[in-house]
Amino acid sequence: MIQRPRGTRDFGPSEMETRRYFESMMRSICLAHGFREVQTPTFEHTELFTTKSGPGIIDEIYAFKDKGDREICLRPELTAPVIRFFINDLTNYPRPLKLFYFGPCFRYERPQAGRFREFYQFGAEVIGSSTPEMDAEVIGLAASMLEATGLQDYRIRIGHIGILRSLLAEAGVAGDAALPILQKLDKKLYDEATPLMKGAGMSDDGIEKVIRTTQISGPIDVLKDYEGEAKVYLEEVFDILQHYGFRNLQVDLGVVRGLAYYTGVVFEVDAPKLGAEKQICGGGAYSLSELFGGEKVHSTGFGIGFDRTLIALDKEGSLPMKVRLQAYVVPVGESTRSKACEITAMLRKGGISADMDLMRRNMGKNFKYADAVGAEKVIIVGEKELETGSVNVRDMASGTQTMVSIEGLISYLGHAKS
RNA sequence: GCCGCGAUGGGGUAGCUUGGUCAUCCUGUGGGACUGUGGAUCCCUAGACUCGCGUUCAAAUCGCGAUCGCGGCCCCA
């Protein structure tokens, strides 16, 4: 027996129905927000990701040399490929350019609950500028998508790295020097951040203020004691989101996302039920394109961990029903088999999901099968009924049976569908 | 890459401590009782000790290693 590779999954029919259901739900919400879908290759030049995240990530991705000696890797995320695509081919589209995507990503990491080596990411980017409206649009899209899934227990936390950065800058720690400190603060490793800040020449007062700031969270008025551009900006973003009708959002200045290319608003969503791997969404405003050799353009985007979102929904017991077969066609005997084929074909052309007996089983077994696969109706094709051009339609839930003419069958089943 | 726990038919399990009949039971699959009517019941059939090495007269059971999964670290979605 050949096992599937570590950290990968097979998805059975019911699982795929669920996955496709949520995938198309999210897709239609993106379309409703005026985003358009793109798709990029599943593998890229390794350089794309090392440029974005540093050489260290090679340890965590599927990277290899192809037969032409090129450094290739399976994509670990989708923001970098989309920005690459933008620089390569989409720079002349009207802005803001609003894109979304869905697809598998790969990471070479130790699998555990909610973490796989192949996982699916659904995400969106708005490319073009940096305004509160744009950031609010993106956060609003993420919030709408999660809301639509019916997920109950999750928190959307929004911060702005400008607030911490300016505090550090005031204390004389600016630019790249601030990065290692921000990374520690992101993980709430104060014991490690403090010596770094001391080493950078910051006063005890300054250090304390920085640490206190990362612990600020709650409704927007927790910002009232702060001032500066970033604070005003964040308030504007919240104001717009209020007008969009979102209420379940909170400020959390501890959301730092310690990566160099984030420039402004940053946000994360987590579902506490998931344990260690609880983050289901992350994003923010960033500036990446110039790193890849393009013009400098501001963007805001996010990625949703599709698998984790489904796991969270499953834990809440709110994964939906299975898709049901509308009609199962049973020929009563040898003599009506070909007529049953005709009827099945007719139903399928008429948009009714239909299946028929392929195993030449007797009636009793066929009913058991129809029940087991959850068919709504069984169409009984027998000689007696055919004499009047009709078939018997049995409703599997109620057990009631109705004679329906073959011509009227599609509209009968179509109405019964509701 | 690190620490800990685990792995028995498709799914769920008993057996493992204290090695010793044909490996337990439930469910699901296929067939039959039921040659024009399901969800019940009964019968039959097929189906498993993750893999390798070792200890032993004898290993599902004990030891080592690998693989995979789970909880966490790292990292991150």
Side-chain angles (χ1 to χ4, degrees), chain A residues 1-10 12-14 49 52-54 56-61 75-79 101-123 142 146 154 183 186-187 189 256-259 267-271 274-283 301-312 328-336 340 357 359-386 391-402:
Chain A
M1 194 174 88
I2 299 172
Q3 284 184 319
R4 86 177 94 77
R6 182 167 209 206
T8 62
R9 290 156 299 160
D10 296 310
S14 332
F49 301 104
K52 181 189 175 215
S53 310
I57 56 149
I58 289 185
D59 293 338
E60 273 144 26
I61 63 183
R75 62 186 183 197
E77 48 106 3
L78 281 163
T79 300
Y101 48 79
F102 175 72
C105 297
F106 308 84
R107 290 189 193 171
Y108 194 88
E109 292 182 303
R110 183 85 156 74
Q112 54 181 267
R115 169 182 291 185
F116 309 95
R117 287 186 169 182
E118 181 185 33
F119 61 97
Y120 286 76
Q121 208 175 57
F122 203 120
L146 291 171
Y154 64 99
Q183 280 161 9
D186 182 34
K187 293 169 207 158
L189 297 172
V256 180
R257 304 187 74 75
L259 290 167
F267 68 103
E268 288 178 355
V269 182
D270 47 45
L274 293 182
E277 306 296 325
K278 66 184 190 324
Q279 193 183 326
I280 56 175
C281 177
F302 67 87
I304 285 183
F306 187 72
D307 309 282
R308 286 185 186 175
T309 304
L310 293 196
I311 294 170
Y328 182 70
V329 180
V330 177
V332 167
E334 207 48 46
S335 60
T336 57
D357 171 42
M359 302 256 286
R360 304 196 169 187
R361 281 190 277 220
N362 64 34
M363 291 236 90
K365 290 285 181 187
N366 267 317
F367 275 101
K368 276 189 183 160
Y369 178 78
D371 181 50
V373 299
E376 288 171 22
K377 302 275 198 268
V378 168
I379 315 294
I380 300 141
V381 184
E383 288 183 3
K384 278 189 301 200
E385 295 87 339
L386 285 180
V391 289
N392 245 320
V393 177
R394 185 180 181 88
D395 182 276
M396 291 299 280
S398 65
T400 56
Q401 221 159 280
T402 317

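In the text below, chain A, chain B and the rest are named by the order of the sequence lines, each starting its count at 1. Here the structure is a predicted model, which means the values were calculated and not measured. For the numbers below, each heavy atom of this structure counts, side chains included, while hydrogens, waters and symmetry mates do not.
Within 4.0 Å (heavy atoms only), A:Ala276 reaches sugar-phosphate atoms of the nucleic acid but no base atom. A:Gln279 comes within 4.0 angstrom of the backbone, heavy atoms only, and of no base. Heavy atoms of A:Gly7 sit under 4.0 angstrom from primed sugar atoms or phosphate atoms, though from no base atom. Contact annotation for A:Glu383: base contact, defined as any heavy-atom pair under 4.0 Å involving a base atom. Counting non-hydrogen atoms under 4.0 angstrom, A:Cys105 reaches nothing in the nucleic acid. At the heavy-atom level, A:Ile304 lies nowhere under 4.0 Å from the strands shown. A:Glu118 comes within 4.0 angstrom of nothing in the nucleic acid, heavy atoms only. Across all strands shown, A:Arg6 has heavy atoms under 4.0 Å from sugar-phosphate atoms exclusively, and none from any base. Within 4.0 Å (heavy atoms only), A:Gly56 reaches no atom of the nucleic acid at all.
B:U37 atom C1' lies 14 Å from atom CG of A:Asp357, rounded to whole Å. Straight-line distance from the CZ atom of A:Arg117 to the C1' atom of B:C74: 14 Å, rounded to whole Å. Nucleotide B:G38 holds its P atom 10 Å from the CG atom of A:Asn362, rounded to whole Å. One can place CG of A:Asp371 at 17 Å from P of B:U37, the figure rounded to the nearest angstrom. Per the geometry, CD belonging to A:Glu109 stands 12 Å off P belonging to B:C74, to the nearest Å. Distance A:Glu277 CD to B:C75 P: 12 Å, rounded to the nearest Å. Protein atom CD of A:Glu268 is 14 Å distant from nucleotide atom P of B:C75, rounded to whole Å. Atom CZ of A:Arg115 and atom C1' of B:C2 are 13 Å apart (whole Å).
Here the side chain of A:Asp307 pairs a donor or acceptor atom with the backbone of A:Tyr120 at under 3.5 angstrom. Of the possible donor and acceptor atoms, none in the side chain of A:Arg75 sits under 3.5 Å from a partner among the backbone N and O of A:Phe106. Checked by atom type and distance alone, the side chain of A:Arg115 never pairs as donor or acceptor with a backbone atom of A:Gly7 at under 3.5 Å. A:Thr8 places no side-chain N or O within donor-acceptor distance of the main-chain N or O of A:Arg4, the cut-off being under 3.5 Å. A donor-acceptor contact shorter than 3.5 Å links the side chain of A:Arg308 to the backbone of A:Gln279.
On the P atoms, B:G20 is 28 Å away from B:A66, given to the nearest whole Å. Look at the P atom in both B:U13 and B:G52: the space between them is 25 Å, to the nearest Å. B:C16 and B:C34 have their P atoms separated by 44 Å, with the value rounded to a whole Å. For B:C68 and B:U56, the C1' atoms lie 29 Å apart once the distance is rounded to whole Å.
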Inset, instruction - Take A:Gln401 and A:Lys377 through the test side-chain contact (heavy atoms from CB on, under 4.5 Å) and record every step on the way to the result. - result: CA-CA 9 Å; A:Gln401 221 159 280; A:Lys377 302 275 198 268; over 6 Å; no
Inset, instruction - Would you check, one step at a time, whether the test side-chain contact (heavy atoms from CB on, under 4.5 Å) holds for A:Leu274 with A:Ile280? - result: CA-CA 9 Å; A:Leu274 293 182; A:Ile280 56 175; 3.7 Å; yes
Legend entry - CA sep, side-chain torsions, deciding dist, call: A:Ile380, A:Arg394, side-chain contact (heavy atoms from CB on, under 4.5 Å): CA-CA 8 Å; A:Ile380 300 141; A:Arg394 185 180 181 88; 4.2 Å; yes
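Atom CD of residue A:Glu77 and atom CD of residue A:Gln121 lie 7.0 Å apart, to the nearest 0.5 angstrom.
Under the 4.5 Å side-chain criterion, counting only non-hydrogen atoms from C-beta, A:Val378 is not in contact with A:Asn366.
For the ring-ring contact (aromatic ring centres under 6.0 Å, His included) test with A:Phe306, the passing option among A:Tyr101, A:Phe102, A:Phe116 is A:Phe102; the others fail.
Distances from the side chain of A:Lys384 to the nucleotides B:G38, B:C73, B:G36 place B:G36 closest. For A:Pro111, taking side-chain heavy atoms from C-beta onward, the closest of the listed nucleotides B:G71, B:G38, B:C70 is B:C70. When distances run from any side-chain atom of A:Lys368 to the nucleotides B:U37, B:C70, B:G38, the shortest one goes to B:G38.
Remark: the A:Gln401 side chain and the B:U37 base include a donor-acceptor N/O pair separated by less than 3.5 Å. Scanning atom types as modelled, one donor and one acceptor separated by under 3.5 angstrom connect the side chain of A:Glu385 and the base of B:G36. Interface remark: the A:Arg110 side chain does not form any donor-acceptor pair with the B:C73 base, using a distance-only criterion of under 3.5 Å.
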Inset, instruction - Whenever both distances are under 3.5 Å in a Watson-Crick or G-U wobble pair, mark it; put RNA chain B into dot-bracket that way, with [ ] for crossing pairs and | when the partner is on another strand. - result: (((((((..(((.......[....)))..((((.......)))).....(((((..]....))))))))))))....
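Along RNA chain B, the nucleotide closest to A:Pro5 and the one closest to A:Leu274 are compared, and the more 5′ of them pairs with A:Pro5. Residue whose closest nucleotide on RNA chain B sits further toward the 5' end, between A:Glu77 and A:Tyr108: A:Tyr108.
Stacking between A:Phe119 and the base of B:A77 is present: ring centres sit under 5.5 Å apart and the planes differ by under 30 degrees.
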If you restrict it to nitrogen or oxygen atoms, what contacts under 3.5 Å exist between nucleotides 28-30 of chain B and the protein, and what is each distance?
unit_1 : atom_1 : unit_2   : atom_2 : d
B:G30  : OP1    : A:Arg361 : NH1    : 3.2

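The closest side-chain donor-acceptor pair between A:Tyr369 and A:Asp357, if any, does not fall under 3.5 angstrom.
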